[in-house]
Amino acid sequence: QVQLVESGGGLVQAGGSLRLSCAASGSTFSINSMGWYRQAPGKQRELVATISPSGLRNYADSGKGRFTISRDNAKNTVYLQMNSLKPEDTAVYYCSAGPSTAWGTQKFDSWGQGTQVTVSS
């Protein structure tokens, strides 16, 4: 299993931006699909965005046009740039890793501990 550590969460006003980072440890980061999920209080965990080893991306409708997922294989890091944040974006955001097909299948195997994002109104 890949070890994942998220950072970059915090408190931001509506309309603001945050950039989340996920540092991965392991020898196979470059062949993993990576994903960001979130879980709001009282809600199920939901997909935010995924990225394949080659840079193919999926976005949930909730973040499409506002969020951007990217990866830097040299740094073993995946990012989630979040712009125009809304109060409904408030959640714990989780980084995930899986096989190369996970960007489309959402079959992720490893999960980080999560980082809290709070958007005030």
- Query: Hey, does the side chain of S110 reach the backbone of V2 with a donor-acceptor pair shorter than 3.5 angstrom?
  - Reply: yes
- Taking side chain as C-beta onward, heavy atoms only, is T118 less than 4.5 Å from V12? no
- Task: Identify, with sequence neighbours excluded, every residue that meets side-chain hydrogen bond (donor to acceptor under 3.5 Å, both in side chains) alongside N73.
- Result: R71
- Message: According to side chain to side chain contact (heavy atoms under 4.5 Å, CB included), who are the partners of T101, at least two apart in sequence or on a separate chain?
- Response: P99, T105
- Query: Who pairs with A60 by side chain to side chain contact (heavy atoms under 4.5 Å, CB included), at least two apart in sequence or on another chain?
  - Reply: S62
- Item | Counterpart residues, side-chain hydrogen bond (donor to acceptor under 3.5 Å, both in side chains), relative to K43 (two or more places apart) | none
- Item | side chain to side chain donor-acceptor pair (under 3.5 Å) contacts in which one or both residues fall within residues 89-100, not counting sequence neighbours | R38-D89, R38-Y93, R66-D89
- Item | Heavy-atom side-chain proximity of L4 to F29 below 4.5 angstrom | no
- Message: Show every ring pair (Phe, Tyr, Trp, His ring centres under 6.0 Å) that has at least one partner inside residues 30-49, sequence neighbours left out.
- Response: Y37-F108, Y37-W111
- side-chain hydrogen bond (donor to acceptor under 3.5 Å, both in side chains) against S84, all qualifying residues, sequence neighbours excluded: none
- Pairs where residues 38-93 contributes a residue and the test disulfide bond (SG atoms under 2.5 Å apart) is met, not counting sequence neighbours: none
- Taking everything shown except Q3 itself, do over 12 heavy atoms lie less than 6.0 Å from its CD? no
- Does any non-hydrogen side-chain atom of R19 lie less than 4.5 Å from one of L80? no
- Indicate if L18 and V78 have the same hydrophobic cluster label, given that clusters are the connected sets of ILVMFWY residues with side-chain heavy-atom separations under 4.5 angstrom. yes
Please tabulate, for side-chain N and O atoms in residues 51-59, each donor-acceptor pair with protein atoms closer than 3.5 Å (sequence neighbours left out).
{"residue": "S52", "atom": "OG", "partner": "S54", "partner atom": "N", "Å": "3.3"}
{"residue": "S52", "atom": "OG", "partner": "S54", "partner atom": "OG", "Å": "3.2"}
{"residue": "S52", "atom": "OG", "partner": "G55", "partner atom": "N", "Å": "3.2"}
{"residue": "S52", "atom": "OG", "partner": "L56", "partner atom": "N", "Å": "2.9"}
{"residue": "R57", "atom": "NE", "partner": "I69", "partner atom": "O", "Å": "3.1"}
{"residue": "R57", "atom": "NH2", "partner": "I69", "partner atom": "O", "Å": "3.3"}
{"residue": "N58", "atom": "ND2", "partner": "W103", "partner atom": "O", "Å": "2.7"}
{"residue": "Y59", "atom": "OH", "partner": "I69", "partner atom": "N", "Å": "3.0"}

- Task: Check whether any side-chain N or O of N32 sits under 3.5 Å from a backbone N or O of M34 as a donor-acceptor pair, and report yes or no.
- Result: no
- Message: Checking Q113 now: which residues fulfil side chain to side chain contact (heavy atoms under 4.5 Å, CB included) with it, not counting sequence neighbours?
- Response: V5, E6
- With sequence neighbours left out, which residue pairs that include part of residues 33-64 fulfil the disulfide bond (SG atoms under 2.5 Å apart) condition? none
- Only pairs at least two apart or in different chains count here, so list each disulfide bond (SG atoms under 2.5 Å apart) that has a residue in residues 50-111. C22-C95
